[in-house]
**Q** 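Attaching a single structure in structure tokens format; questions to follow.
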Amino acid sequence: MNLNLQRFKGISSEEARLYLQKFGRNELTSRKPSFFKVILSVLAEPMLSILVACGIIYGMLGDLSEAVTLSIAVVAVIALTIFQKNKSENALAALRELSPLKSKVIRDGTVIEISATEIVPNDIVFIKEGDRIPADGVLAYSLNLSVDESLLTGESAAVSKEVPEQKENNFKNAEYTNLGKVFSGSSVIAGEGIFRCGSTGDHTEIGKIGSELERVSSSESPLQTEVKRFTLKFSIIAVLLCIFIIFGLGIRSGNWLQAILAALTFSMAVLPEELPVVLSIFFSLGAWRISKIGVLTRNLNSIETLGAATVLCVDKTGTLTENRMKVRGLRIQQSFLECNSDLKEIPEEYHSILEFALLASKKDPYDPMEKAILDLGINFLSGTEHIHLDWELEKEYPLSPKLMALSYAWLSNENSEKLSVGAKGAPEAIFDLCHFSQEQIAHWENLVEEYSNQGFRILGIAKSQVSKTAVPEDQHDLTFQFLGLILLEDPIRDSVPASIAQCVQANIKVIVITGDHSGTARAVAKKIGLANYESVITGDELQKMSDQELISNLETVRIFSRIRPHQKLKIVRCLQAKGETVAMTGDGVNDALALQAAHIGISMGKRGTDVARQASDLVLLDDNFSSIVKAVILGRRIYANIRKSTAYIISVHVPIIGMSLLPALVGGPLFFFPAHVLLMELIIDPTCSIVFEGIEEERNLLNSPPRNRSENLISFRNVLECLLQGGFILIVLICFFFWGKSMFWSQERIRALGFLFLVTTNIGMMLVHLSTEKPFYKTLPKSKATIYWIVGLTAFALLLIFQLDFLRNLFGFEVITFLDSLASIGFGLLICFVWELRKIFQMPKFQTQKY
């Protein structure tokens with residue numbers, strides 16, 4: 001910058017030190033919770049609280065093995081959660097790119113370079129093309145300054161900035177609107193400028209939104225709500241049944257010690273310590289699986305919620321689009337050239353418009369539109385006389401709000417007397433420079449309107465020539481010849497249309513929310529596959545709507561344009577009031593409030609701001625929209641497997657609970673000891689977590705509609721079917737118990753054969769619940785090796801128990817024959833596989849949920 005810096009009086013180093021003490025460093029406050037708060041937040045989960053309580057109770061009752069087992073589970077859950085949070089925070093720290101590293105300021109009358117975090121209010125800050133603006137402020141000087149504020153406003157088009165007219169040549173007295181203001185986090189697309197810093201850190205517009213996030217509550221996971229209800233109901237029932245066992249058996253037998261032991265056995269069988277382990281392992285491993293497709297999980301509960309998403313609110317710029325411009329067409333007087341991937345060469349008649357479009361751009365541009373023009377020119381004009389990389393720039397006519405066009409005058413190597421001038425800008429500005437007649441303006445404006453409705457950004461191109469000795473000060477004094485229009489577009493990501501089609505297939509509504517105008521939004525929606533939805537609600541129309549009016553329009557409207565930050569939050573809130581489970585994608589600061597309020601917020605990892613990432617539940621590390629659909633499928637799979645695991649837990653616990661209650665109902669010695677239940681739990685725990693977590697998704701998972709948030713994980717139909725399955729096993733076991741008594745078998749023999757039968761049904765029910773659609777013999781070959789390990793270890797444990805005297809005595813068994821063992825195992829598998837007949841013969845399912 002060739003400026004007289006005397007008019008820009010900066011502050012002194014001492015003033016800067018005092019300001020730094022008063023306002024703090026120019027950075028956003030970190031809101032990372034402490035290590036102990038993380039632990040307390042994990043322990044505050046109701047099911048994990050029960051897990052801790054169970055461990056304490058078992059420890060007080062002297063069952064140290066179970067207490068130690070539960071304590072290890074608690075530590076494992078906490079460790080997994082902390083590991084996942086730290087992994088997320090570390091990944092986010094690596095993604096941070098909100099603030100520039102260095103900035104030039106005036107201190108003590110001298111231009112120096114300092115860390116952007118040391119900028120304070122009243123600093124004079126220099127910015128140029130390619131810089132990230134480090135603080136909020138008002139312009140003191142600008143030259144062709146164009147700024148990308150999309151991260152703050154959602155508007156993808158660059159905004160021209162200019163110092164407004166000043167009083168007494170003092171920029172402090174200028175009347176500043178957004179035209180003369182710059183904001184932290186914005187990028188300088190073109191030109192250069194100087195501004196006086198007004199706000200830093202949390203006091204900037206970005207910082208204010210970050211602070212407001214603390215007042216926006218996150219939506220609770222549907223599964224969290226259900227688990228709380230389930231915990232309360234289950235705990236009340238368990239306590240009442242324990243009391244019934246103690247008094248029922250104590251009064252009947254008079255042996256109160258045995259009654260307490262029976263109640264302890266029952267509590268071990270009935271307390272749902274598997275559920276918190278299941279949820280934690282499923283979510284932690286789910287986060288790991290999702291990370292493999294380029295999605296970082298910041299909130300583990302969001303995995304379950306994602307599978308229930310019914311609406312996906314999509315920010316257009318940088319999410320649906322590539323956030324880079326491409327030339328899509330060249331329009332000259334009577335013809336149009338489409339610039340697509342099939343274009344092999346540019347006909348001669350289009351060389352002139354591209355030549356002067358290059359001359360109206362910088363040689364090493366930062367502006368996305370100039371980059372797109374340069375790419376096209378290099379590809380198709382290299383080696384011709386129409387590309388002039390060695391020409392020297394002699395005169396620059398900058399863009400201004402009064403004339404939205406710029407011109408560059410170049411001195412060629414062949415003709416030192418004449419300057420060649422290239423001009424580009426808004427079509428109406430180029431029409432003005434070319435002194436069009438009213439008929440010409442009407443003709444070309446119709447074309448501009450037609451192309452705008454197709455979502456194109458349009459530049460007019462013109463050329464001129466002037467003597468080197470008679471260069472005017474105003475570009476309007478040049479004589480321009482109109483060459484035509486260049487059509488540019490921020491292209492749709494290649495994977496987006498297919499991903500949108502998958503969303504439609506999965507019955508997920510896609511809503512496009514953008515700061516761009518309606519024509520662009522409608523064109524983008526058509527290209528991605530939402531052609532059936534033409535209705536658009538603009539920000540101004542939304543402002544006038546009541547919440548109820550907006551809710552009624554949400555059935556048919558899928559496109560929102562010219563939307564401002566607080567309006568995104570209103571859209572999310574109204575969708576939630578309508579009963580939708582809302583996922584919101586975004587990358588800008590303007591998206592943060594809506595990301596925080598949505599049931600699940602999804603931010604962009606590469607382009608997104610730190611504020612947006614901190615507010616989100618998931619971060620797309622590669623900014624790939626298709627990863628969202630993959631994550632939805634995975635979220636559905638995880639929830640479906642949790643449901644299978646829960647059904648298995650209920651069905652196998654029914655006979656254990658029933659046989660624990662039997663002595664209280666009919667008298668006699670205990671059928672099961674705590675050792676029996678503990679061994680059963682050692683089989684159940686890894687089965688319900690590790691085995692079911694690894695099951696692949698069912699065939700029609702994507703075609704199924706999202707589950708209703710009001711549906712329970714354990715619905716009445718699910719519970720009834722599980723009770724029937726477990727109850728059938730229990731009835732067979734009770735019949736066997738009384739039949740053994742009638743045959744005058746010893747209690748030890750009945751117990752040994754009954755326990756072997758029960759362990760076998762455990763394995764059988766695991767196979768039954770592997771799939772809701774396919775019989776086990778089709779699912780088993782595709783299952784993980786974990787199943788075979790569990791079956792093998794269980795068989796080995798049973799072999800040891802029946803072969804070693806001290807273990808056999810501990811479990812209260814007697815020696816049984818091989819044929820008896822074989823009969824017990826075969827009968828147990830037969831009882832379970834009765835439920836497979838429905839799948840084999842494609843009988844109607846009892847439960848209605850598809851996943």
**Q** Quick one: are I537 and I563 in side-chain contact, heavy atoms under 4.5 Å?
**A** no
**Q** Counting only heavy atoms from other residues, nucleotides and ligands, does the tally under 6.0 Å from NZ of K395 exceed 12?
**A** yes
**Q** What are the two closest heavy atoms between T479 and S464, and how far apart are they?
**A** O-OG, 2.7 Å
**Q** Given E192 and D131, is the side chain to side chain contact (heavy atoms under 4.5 Å, CB included) satisfied, shown in steps?
**A** CA-CA 9 Å; E192 52 194 24; D131 284 350; over 6 Å; no
**Q** For the residue pair E580 and T310, confirm or rule out a side-chain donor-acceptor distance under 3.5 Å.
**A** yes
**Q** When you measure from the side chain of S627 to the backbone of I293, do you find a donor-acceptor pair of N or O atoms at a distance under 3.5 Å?
**A** yes
**Q** In the structure I gave you, are the side-chain heavy atoms of E696 and R637 within less than 4.5 Å of one another anywhere?
**A** yes
**Q** Other residues, nucleotides and ligands only: do more than 12 of their heavy atoms fall within 6.0 Å of CG on N340?
**A** yes
**Q** Specify the closest pair of heavy atoms between F480 and Q475, including all atoms of both residues, with the distance to one decimal.
**A** CE1-O, 3.3 Å
**Q** Checking the side chain of R132 only, and the main-chain atoms of G185 only, is there a donor and an acceptor separated by less than 3.5 Å?
**A** yes
**Q** Atom CG in L478, atom CG in L433: separation rounded to 0.5 Å?
**A** 8.5 Å
**Q** Do H351 and E348 pair up side chain to side chain, a donor and an acceptor below 3.5 Å, judged on atom types alone?
**A** yes
**Q** Just so I know, are the side chains of R324 and K371 near enough to count as touching, which here means a heavy-atom distance under 4.5 Å?
**A** no
**Q** With the side chain counted from C-beta on, respond yes when W444 and R331 share a heavy-atom pair under 4.5 Å apart, and no when they do not.
**A** yes
**Q** With the side chain counted from C-beta on, respond yes when L374 and S361 share a heavy-atom pair under 4.5 Å apart, and no when they do not.
**A** no
**Q** Quick one: pull up CG in L354 and CG in L330 and give me the separation to the nearest 0.5 Å.
**A** 6.5 Å
**Q** What's the shortest heavy-atom distance between L542 and F560, and which atoms?
**A** CD1-CE2, 4.5 Å
**Q** Side chains of T514 and V524: closer than 4.5 Å at any heavy-atom pair?
**A** no
**Q** With distance as the sole criterion, is a donor-acceptor pair present between the side chains of D617 and H599 under 3.5 Å?
**A** no
**Q** So does I511 get a backbone contact from the side chain of R558, meaning a donor-acceptor N/O pair under 3.5 Å?
**A** no
**Q** In Å and rounded to the nearest 0.5 Å, what is the SG to CG distance from C339 to D375?
**A** 12.0 Å
**Q** Among all residues two or more places apart in sequence or in another chain, which pass the side-chain hydrogen bond (donor to acceptor under 3.5 Å, both in side chains) test with D390?
**A** N413
**Q** CG of D364: more than 12 outside heavy atoms within 6.0 angstrom?
**A** no
**Q** Got a second to check how far K568's NZ is from M584's CE, nearest 0.5 Å?
**A** 4.5 Å
**Q** Taking all atoms of both residues into account, what is the closest heavy-atom pair of I133 and V188, and its distance?
**A** CG1-CG2, 4.0 Å
**Q** How far apart are the C-alpha atoms of E149 and K161, what are their side-chain angles, what is the distance that settles it, and do they pass the side chain to side chain contact (heavy atoms under 4.5 Å, CB included) test?
**A** CA-CA 11 Å; E149 295 181 345; K161 297 288 183 178; 2.8 Å; yes
**Q** Of all the heavy-atom pairs spanning V448 and P427, show the shortest one and how long it is.
**A** CG2-CB, 3.8 Å
**Q** Rounded to the nearest 0.5 Å, what separation is found between the CD1 atom of I492 and the CG atom of D490?
**A** 7.5 Å
**Q** CG of L487 to CD of E338: how many Å apart, nearest 0.5 Å?
**A** 10.0 Å
**Q** Ignoring hydrogens and geometry, is there a side-chain-to-backbone donor-acceptor pair from Q502 to V629 under 3.5 Å?
**A** no
**Q** Taking R289 as the fixed residue, which of V295, I638, L634, T297 is the one that meets the side-chain contact (heavy atoms from CB on, under 4.5 Å) rule?
**A** L634
**Q** Is the shortest heavy-atom distance from the side chain of H388 to the side chain of W410 under 4.5 Å?
**A** no
**Q** Apply side chain to side chain contact (heavy atoms under 4.5 Å, CB included) to residues I373 and L358 and explain how you reach the verdict.
**A** CA-CA 7 Å; I373 293 170; L358 288 169; 3.9 Å; yes
**Q** Go through the steps for L359 and V421 under the test side chain to side chain contact (heavy atoms under 4.5 Å, CB included), then give the verdict.
**A** CA-CA 7 Å; L359 290 176; V421 183; over 6 Å; no
**Q** Short question: side chain of K424, backbone of A360 - any donor-acceptor pair under 3.5 Å?
**A** yes
**Q** One pair to check against salt bridge (Lys or Arg N to Asp or Glu O under 4.0 Å): E355 and K463. What are the steps and the verdict?
**A** CA-CA 10 Å; E355 174 186 4; K463 70 175 182 178; over 6 Å; no
**Q** Does any non-hydrogen side-chain atom of N446 lie less than 4.5 Å from one of E450?
**A** no
**Q** Has T538 got a side-chain atom pairing as donor or acceptor with E541's backbone, closer than 3.5 angstrom?
**A** yes
**Q** For this output row, return yes or no: ring centroids of Y451 and F336 closer than 6.0 angstrom.
**A** yes
**Q** Provide the closest heavy-atom pair for I559 versus R522 in the form atom of the first, atom of the second, distance.
**A** CD1-CA, 4.1 Å
